[in-house]
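First the structure, in the form of structure tokens, and then the observations on it.
Protein chains get the first letters and strands the later ones, always in sequence-line order, with residue 1 at the start of each.
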2 protein chains.
Amino acid sequence: MPADRYNPLIVTRNPSKMAKDDLPMTAPKGPTFQPLYKQIKELLLERIASGEWPPGTFIPSEASLASSYDVSVGTLRKALNELVADNVVIRRQGKGTAVATHDADRALFRFFNIVSHDGERCLPVSRVLGRTRRAPTADERQTLELADGGEVIHIRRVRELQGTAILLEDIVLDAARFAALENQPEVLPNTLYQLYQQQYGRTVAHADETLVAVRAGRDEVEQLGVASGEPLIEIRRVARDYQDVPIERRISRLSTRDYAYACTL
Amino acid sequence: MPADRYNPLIVTRNPSKMAKDDLPMTAPKGPTFQPLYKQIKELLLERIASGEWPPGTFIPSEASLASSYDVSVGTLRKALNELVADNVVIRRQGKGTAVATHDADRALFRFFNIVSHDGERCLPVSRVLGRTRRAPTADERQTLELADGGEVIHIRRVRELQGTAILLEDIVLDAARFAALENQPEVLPNTLYQLYQQQYGRTVAHADETLVAVRAGRDEVEQLGVASGEPLIEIRRVARDYQDVPIERRISRLSTRDYAYACTL
DNA sequence: TACAATTTGTGCGTATGTATA
DNA sequence: ATATACATACGCACAAATTGT
């Protein structure tokens with residue numbers, strides 16, 4: 001089906017489309033009203049989230065989209081620019097507008113906030129310690145919004161920077177959404193979010209993290225080479241997709257002897 | 001002096017201002033080139049930073065600024081909207097464009113990333129433990145970019161939420177820039193950034209934080225009521241103004257028994 | 001190498017809606 | 001009711017980057 005017309009746009013308050021002797025506008029005062037460019041933005045986001053335009057592909061040009069939706073290019077540009085601000089698409093002059101992927105250099109660091117003490121950022125290598133399928137804890141069921149009887153995939157791995165292990169990660173996913181992940185692929189890639197995106201069609205759009213200080217336990221002593229009881233930072237992350245649906249629960253413990261968690265306000 | 005004309009705008013690539021039989025553009029390829037709206041943005045930022053429009057005041061309207069700079073309203077809007085995105089100004093329909101202050105509710109929380117374990121955010125009360133003037137450490141001299149022989153003001157305080165002390169802060173400022181702060185005002189306000197802005201004309205525009213895990217020492221035991229050696233999060237912040245000039249060095253130690261550091265990516 | 005076609009980026013102008021004082 | 005200021009939406013022209021011929 002050619003995507004030529006998308007009708008149900010509420011243009012009631014669109015000035016240049018209103019005849020002067022139009023009906024008095026009664027409805028559009030409702031709290032559900034959204035300006036035209038916001039509606040376009042949502043429509044585009046739905047089409048991206050639905051998989052119509054997979055990550056990495058180029059979407060139609062401004063001009064063609066504008067005529068499809070029967071809006072001006074300026075209005076469509078405003079919608080696209082908001083999607084750029086939300087890290088959903090990437091635009092390049094002369095080339096086009098592409099759906100954002102997790103392989104661009106900048107995108108990789110968006111979800112890795114750890115720097116060496118002199119401020120350098122570099123990506124760690126990962127070593128998987130275990131992959132299991134099991135019933136969720138109560139906490140996991142709540143944060144991942146699992147159905148009753150659902151199961152989770154649990155991945156535990158260590159990440160090391162320049163040869164020293166600094167991070168012990170426990171990653172939990174809805175087994176229904178990531179069915180085969182328990183034992184396939186054989187070797188997991190360094191950057192899991194790329195895998196979620198490419199193999200499972202789930203794009204991590206943003207994440208919330210809360211940090212607390214904890215003591216190193218047996219596992220951290222063994223894997224990170226820290227002393228027992230050594231202070232660590234525990235990072236509790238919930239990663240979500242475009243529609244705020246939770247995708248992943250990740251709890252990491254960070255040794256801050258050589259590296260630190262960085263945040264810019 | 002009436003601000004009527006601002007001449008040195010490089011409009012070489014401004015299409016509608018160029019005659020068709022113009023000289024071939026040779027210069028504007030230089031790496032220093034900035035589009036017109038970026039230049040306008042910088043000019044506005046300079047006037048805000050210079051104190052011509054103090055925080056809280058309304059700047060001239062779009063139309064008047066556009067005619068002052070001899071650009072279109074659209075170009076000026078684009079500059080202003082970037083300043084909105086940078087939290088430099090706040091715009092309200094029908095009212096005008098105001099220079100951002102640190103008293104708006106949202107602005108207060110921008111620099112306070114601590115939430116209770118159930119996700120609630122609330123502002124803490126402060127209790128000052130000491131105010132001294134002293135020579136800087138080597139680290140302080142470097143991060144605050146102090147001149148040789150300069151001194152610093154050092155403020156130590158505890159912040160408590162709902163009656164329990166959770167944060168021990170060591171705040172260090174350039175004594176040359178905050179001369180009277182050592183003993184005046186008698187009682188320091190809860191939100192220091194408002195004081196910097198209102199009394200000293202220094203606006204904190206953004207900050208970088210790095211977090212490490214530490215053990216509670218003698219001071220933390222005494223002030224935060226934690227056990228000796230208890231794991232804490234140490235937050236090392238450098239706050240800067242619009243031009244990235246460092247204003248404040250703040251090292252805080254957070255007890256994460258009831259509260260956590262929150263970050264959204 | 002040169003040229004053309006396509007696509008986004010910049011800039012201008014205008015009209016009307018909506019919120020505020 | 002009026003005036004002001006920002007918000008939305010329309011349109012157009014040209015610049016700059018990219019790609020293919």
Side-chain angles (χ1 to χ4, degrees), chain A residues 9-22 24-31 33-41 57-85 89-98, chain B residues 9-31 33-41 57-84 89-98:
Chain A
L9 298 184
I10 308 165
V11 283
T12 329
R13 291 201 301 190
N14 183 334
S16 20
K17 298 243 166 176
M18 252 186 349
K20 288 168 190 166
D21 48 357
D22 224 345
M25 303 173 301
T26 55
K29 268 297 197 180
F33 173 81
Q34 288 282 90
L36 194 45
Y37 74 93
K38 290 272 188 190
Q39 299 178 46
I40 302 290
K41 177 187 173 185
T57 63
F58 283 85
I59 73 176
S61 71
E62 293 179 347
S64 97
L65 283 173
S67 80
S68 294
Y69 288 108
D70 199 24
V71 298
S72 73
V73 280
T75 298
L76 198 117
R77 277 186 72 82
K78 196 157 180 177
L80 282 178
N81 284 335
E82 289 216 348
L83 291 177
V84 170
V89 299
I90 294 176
R91 318 191 70 194
R92 286 238 304 276
Q93 188 176 167
K95 204 115 179 277
T97 303
Chain B
L9 298 183
I10 307 165
V11 283
T12 328
R13 291 200 303 188
N14 183 332
S16 20
K17 299 240 168 180
M18 254 187 347
K20 289 168 190 168
D21 49 356
D22 225 345
L23 298 176
M25 302 173 301
T26 55
K29 268 297 196 180
F33 174 82
Q34 288 282 90
L36 194 45
Y37 73 93
K38 290 272 189 190
Q39 299 177 46
I40 302 290
K41 178 187 174 186
T57 63
F58 283 85
I59 73 177
S61 71
E62 292 179 347
S64 98
L65 283 172
S67 79
S68 294
Y69 288 107
D70 198 24
V71 298
S72 74
V73 281
T75 298
L76 198 118
R77 275 187 73 81
K78 199 160 177 177
L80 282 178
N81 284 335
E82 289 216 348
L83 291 177
V84 170
V89 300
I90 294 176
R91 318 190 70 190
R92 285 238 304 277
Q93 187 175 168
K95 200 111 179 282
T97 302

Partner set under side chain to side chain contact (heavy atoms under 4.5 Å, CB included) for Ser72(A), not counting sequence neighbours: Thr75(A)
Show the distances under 3.5 angstrom between N or O atoms of the protein and N or O atoms of nucleotides 5-7 of chain C.
unit_1	atom_1	unit_2	atom_2	d
dT7(C)	O2	Gly94(A)	N	3.1

dC10(D) OP1/OP2 closer than 4.0 Å to side-chain N/O of Ser72(A): yes
Which residues share a salt bridge (Lys or Arg N to Asp or Glu O under 4.0 Å) with Lys78(B), sequence neighbours left out: none
Whole-Å gap separating P (dA15(D)) and OH (Tyr37(B)): 18 Å
Nearest heavy atoms of Pro60(B) and Leu65(B), plus distance in Å: O-CD1, 3.4 Å
Nucleotide forming a Watson-Crick or wobble pair with dA17(D), both distances under 3.5 Å: dT6(C)
Residue pair Gln34(A) / Gln39(A): nearest heavy atoms and the distance that separates them: O-NE2, 2.8 Å
Minimum-distance nucleotide (side-chain atoms of Val71(B) versus dA9(D), dT10(C), dC12(C)): dC12(C)
Rounded interatomic separation in angstrom, taking CD from Gln34(B) and P from dG9(C): 16 Å
Integer-rounded Å distance: dT8(D) P and Arg77(B) CZ: 7 Å
Residue-phosphate contact under 4.0 Å: Lys78(A) side-chain N/O, dA9(D) OP1/OP2: no
By side chain to side chain contact (heavy atoms under 4.5 Å, CB included) - contacts of Glu62(A) (at least two apart): Leu76(A), Arg77(A), Leu80(A), Arg91(A)
Reported CG-to-CD1 distance for the pair Leu83(B) and Ile59(B), which is rounded to 0.5 angstrom: 7.5 Å
Separation of atom CD in Gln39(B) from atom C1' in dG9(C), rounded to whole Å: 15 Å
Value in whole Å for how far the C1' atom of dG11(C) lies from NZ of Lys41(B): 18 Å
d(CD1, Ile90(A); P, dT8(C)) in whole Å: 14 Å
Nucleotide dT4(D), atom P - distance to CD1 of Ile59(B) in whole Å: 18 Å
Euclidean distance, atom CG of residue Leu76(B) to atom P of dT10(C) [Å, nearest integer]: 15 Å
Residue list, salt bridge (Lys or Arg N to Asp or Glu O under 4.0 Å) with Lys95(B), at least two apart or on another chain: none
